[in-house]
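What follows is a set of notes on a single structure, which appears directly below.
In what follows, residues are counted from 1 in the order of the sequence shown.
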Amino acid sequence: MSFLAAALDRVKPSATIAVTDKARVLKAAGRNVIGLGAGEPDFDTPDNIKQAAIKAIQDGKTKYTAVDGIPELKEAIIGKFQRENGLAYKPNQVIVGVGGKQVLYNALMATINPGDQVIIPAPYWVSYPEMVALAGGEPVPVVCTAAHGFKLQPEALEKAITPKTKWLILCSPSNPTGAAYTKAELKALTEVLVKHPHVWIMTDDMYEHLVYDDFVFTTPAQVEPSLYDRTLTVNGVSKAYCMTGWRIGYAGGPAQLIKAMATIQSQSTSNPCSIAQWAAVEALNGPQNFIPANNKVFKERRDLVVSMLNQANGIECPRPEGAFYVYPSCAGTIGKTAPSGKVIDNDEAFVTELLETEGVAVVQGSAFGLGPAFRISYATKTSDLEDACKRIQRFCGNLR
């Protein structure tokens, strides 16, 4: 009998972390590698947020806090939800976790029973199906093609719902595609959900502020208020506030669910880092003017990457509405032979050969549930992106 838990048989390691680690190893060995795998802004955390953390340390705010977050941060989150999303929550309807990932994980662990199904539009963030499986549930991927903008269609949602469906997980703007749902598109989905009161909605709004071209963000409970009592609206400070390493995520939802999530958290991490919580208070309450400034740079990078990738042989790259990812198809390269003599028979082979030949680290689309494709994070300096895209063009041009 294996010493390890059988639950591990249901879970695969994170592909995004794996490619980042591989790029790091190659760099350490002296290779000139450009890593485009990590979903992490290259901008530094704003100074006012850093100073709030320093002050918290100086003021001795270094002790345990309430498991589900300090009152001041909860109030800041409540203010944010009301101000930006038109959603009203009380303190017992808000939880703070160690990043958005823990908040999602807590919700699934607190609600999933064996056999429960969770609908996950694909392409999806790699952790969604793995967390569902670890909780003992059944992930139900629903493929969303480029022809539909990588967005879940109402008919497909209706078809996927069964008596065993417990959750729909919806990420907008999306990791990995950058696709974002308009208010009208969300309304069409919520009309389906209204008809199925046993289905709850988990929204991952982590990229809410990273939208371009005058796109207006909305979230399901805002679009359809009747879903408020069965929606968990998840967000955090990692992406828009350039605070990935601070590990603060949060959610608003029904008090009973939030209490159950806090129970799970109390037996795992207990409270999030006290210093990071005070930094997050400043992030949410402080100046927001750096966000549009950062977005201007992200938009320029998006347009550069989309343009250059569409000039590569066998690559087709849609223009996303938000986040900092593109999700190009590499279908036109499948079946071709790389200079090494290896045949590109799937997207994993494509990204492996690209890394070995040109030193560009990207993540294969099959890891996100839809290939042949690959994900690029353009949250890195523009000169590196331009260099990486030239290398991809050269790599594709050398395929035979």
#### Entry: Side chain proximity check, Trp200 to Leu193, heavy atoms < 4.5 angstrom
no
### Query
If Ile, Leu, Val, Met, Phe, Trp and Tyr residues are connected whenever their side-chain heavy atoms lie under 4.5 Å apart, and connections chain through other members, are Val360 and Val326 in the same group?
yes
### Task
Report the C-alpha distance between Arg302 and Asp213 in whole Å, list the side-chain angles of each, state the deciding distance to 0.1 Å, and finish with yes or no for salt bridge (charged side-chain N to carboxylate O under 4.0 Å, His left out).
CA-CA 11 Å; Arg302 178 202 65 174; Asp213 305 320; 2.8 Å; yes
### Query
What distance separates Tyr250 OH from Ile95 CD1, expressed to the nearest 0.5 Å?
14.0 Å
### Task
Quick one: do Phe150 and Leu370 satisfy side-chain contact (heavy atoms from CB on, under 4.5 Å)? Show the steps, please.
CA-CA 10 Å; Phe150 299 118; Leu370 183 66; 4.0 Å; yes
#### Entry: Heavy-atom side-chain proximity of Glu353 to Ile344 below 4.5 angstrom
yes
### Task
State plainly whether one hydrophobic cluster holds both Phe368 and Leu104, where clusters connect Ile, Leu, Val, Met, Phe, Trp and Tyr through side-chain heavy atoms under 4.5 angstrom apart.
yes
### Query
Is there side-chain contact between Phe215 and Tyr181, with at least one heavy-atom pair below 4.5 Å?
no
#### Entry: Gln364 side-chain N/O to Ser366 backbone N/O, donor-acceptor pair under 3.5 Å
no
### Task
Nearest 0.5 Å please: distance from the NE2 atom of His148 over to the CD atom of Glu155.
7.5 Å
### Query
Side-chain heavy atoms under 4.5 angstrom apart, residues restricted to Ile, Leu, Val, Met, Phe, Trp, Tyr: same cluster for Val211 and Tyr378?
no
### Query
Are a donor atom and an acceptor atom from the side chains of His209 and Gln288 found within less than 3.5 Å of each other?
no
### Message
If we ignore hydrogens and angles and just use 3.5 Å, is the side chain of Lys239 paired with the main-chain N or O of Gly39 as donor and acceptor?
### Response
yes
### Task
Check the hydrophobic clustering (I, L, V, M, F, W, Y; side-chain heavy atoms under 4.5 Å; chains of links allowed) and say if Val297 and Leu36 are grouped together.
yes
#### Entry: Intermediate values then yes/no, salt bridge (charged side-chain N to carboxylate O under 4.0 Å, His left out), Arg24 and Asp21
CA-CA 5 Å; Arg24 189 179 294 118; Asp21 288 345; 2.7 Å; yes
### Query
salt bridge (charged side-chain N to carboxylate O under 4.0 Å, His left out) between Lys61 and Glu72: does it pass, once the steps are laid out?
CA-CA 12 Å; Lys61 293 174 179 174; Glu72 292 84 354; over 6 Å; no
## Note on the structure
Tested for side-chain hydrogen bond (donor to acceptor under 3.5 Å, both in side chains) against Asp205, the lone hit among Thr233, Asn235, Thr218, Thr219 is Thr219
### Message
Donor-acceptor pair, distance only, cut-off 3.5 Å: does the side chain of Asp384 make one with the backbone of Thr380?
### Response
no
### Message
Here's a test for you: under ring-ring contact (aromatic ring centres under 6.0 Å, His included), which of Phe350, Phe395, Tyr327 qualifies with Phe374?
### Response
Phe350
### Task
Kindly indicate whether the side chain of Leu73, heavy atoms from C-beta on, has any atom under 4.5 Å from the side chain of Leu284.
yes
### Task
Check whether any side-chain heavy atom of Val98 sits under 4.5 Å from a side-chain heavy atom of Ile248, and report yes or no.
no
In residues 50-59, what donor-acceptor pairs under 3.5 Å come from side-chain atoms, sequence neighbours left out?
residue: Lys50; atom: NZ; partner: Asp44; partner atom: OD2; Å: 2.6
residue: Lys55; atom: NZ; partner: Asp59; partner atom: OD2; Å: 2.6

### Query
Between Glu300 and Thr382, do the side chains contain an N or O donor and an N or O acceptor separated by less than 3.5 Å?
no
### Message
Between Lys195 and Glu191, is the salt bridge (charged side-chain N to carboxylate O under 4.0 Å, His left out) condition met? List the steps.
### Response
CA-CA 7 Å; Lys195 297 186 293 183; Glu191 286 176 356; over 6 Å; no
### Task
Answer yes or no: is there a side-chain heavy-atom contact under 4.5 Å between Lys74 and Ile70?
no
### Query
Nearest 0.5 Å, what's the CH2-CD distance between Trp125 and Glu130?
11.0 Å
Donor-acceptor list for residues 309-316 side chains, cut-off 3.5 Å, not counting sequence neighbours:
residue: Asn310; atom: OD1; partner: Cys317; partner atom: N; Å: 2.7
residue: Asn310; atom: ND2; partner: Val306; partner atom: O; Å: 3.1
residue: Asn310; atom: ND2; partner: Cys317; partner atom: O; Å: 3.0
residue: Gln311; atom: NE2; partner: Ser307; partner atom: O; Å: 3.2
residue: Gln311; atom: NE2; partner: Ser307; partner atom: OG; Å: 3.3

### Query
Do side-chain atoms of Glu185 reach the backbone of Thr182 as a donor and acceptor pair under 3.5 angstrom?
yes
Acceptor/donor pairs from residues 25-32 side chains to any protein atom, 3.5 angstrom cut, sequence neighbours excluded:
residue: Arg31; atom: NH2; partner: Leu355; partner atom: O; Å: 3.3
residue: Arg31; atom: NH2; partner: Glu356; partner atom: O; Å: 3.1
residue: Asn32; atom: OD1; partner: Arg391; partner atom: NH2; Å: 3.3

### Task
Could you give me the CA-CA distance, side-chain angles and deciding distance for Tyr207 and Tyr325, then say whether ring pair (Phe, Tyr, Trp, His ring centres under 6.0 Å) is met?
CA-CA 11 Å; Tyr207 298 90; Tyr325 307 106; 5.6 Å; yes
### Message
Quick one, Gln102 and Ser268 - any side-chain contact, counting heavy atoms below 4.5 Å?
### Response
yes
### Task
Spell out, as yes or no, whether a donor-acceptor pair under 3.5 Å connects the side chain of Glu84 to the backbone of Phe81.
no
#### Entry: Value rounded to 0.5 Å, distance of CG in Leu354 from SG in Cys396
7.5 Å
### Query
NZ/Lys183 to CZ/Phe217 distance, rounded to the nearest 0.5 angstrom?
13.0 Å
### Query
Do Tyr212 and Asp303 have side-chain N/O donor and acceptor atoms under 3.5 Å apart?
no
### Message
Are Met131 and Met202 linked, directly or through intermediate hydrophobic residues, by side-chain heavy-atom contacts shorter than 4.5 Å (ILVMFWY only)?
### Response
yes
#### Entry: Donor-acceptor contact below 3.5 Å, side chain Thr165 vs main chain Thr162
yes
### Message
Can you confirm whether Ile161 sits close enough to His198 that some side-chain heavy atom of one is under 4.5 Å from a side-chain heavy atom of the other?
### Response
yes
### Query
For the side chain of Lys342 and the backbone of Ala349, is there at least one donor-acceptor N/O pair under 3.5 Å apart?
no
### Task
Evaluate the ring pair (Phe, Tyr, Trp, His ring centres under 6.0 Å) criterion for residues Phe298 and Phe43: first the C-alpha distance (whole Å), next the side-chain angles of each, then the deciding distance (0.1 Å), finally the verdict.
CA-CA 10 Å; Phe298 280 140; Phe43 303 118; 5.2 Å; yes
### Task
Verify whether one side chain among Ser174 and Thr177 offers a donor that lies under 3.5 Å from an acceptor in the other.
yes
### Message
For the backbone of Pro272 and the side chain of Gln277, can you confirm whether one donor and one acceptor N or O come within less than 3.5 Å of each other?
### Response
yes
### Short side-chain to backbone donor-acceptor contact, Asp347 and Ala373, under 3.5 Å
yes
#### Entry: Any donor-acceptor N/O pair, Thr203 side chain to Leu170 backbone, under 3.5 Å
no
### Message
With side-chain contact (heavy atoms from CB on, under 4.5 Å) as the criterion, how do Trp167 and Leu108 come out once you've worked through the C-alpha distance, each side chain's angles and the decisive distance to 0.1 Å?
### Response
CA-CA 9 Å; Trp167 288 100; Leu108 292 168; 4.1 Å; yes
### Message
For the SG atom of Cys389 and the CZ atom of Arg301, what is their distance to the nearest 0.5 Å?
### Response
12.0 Å
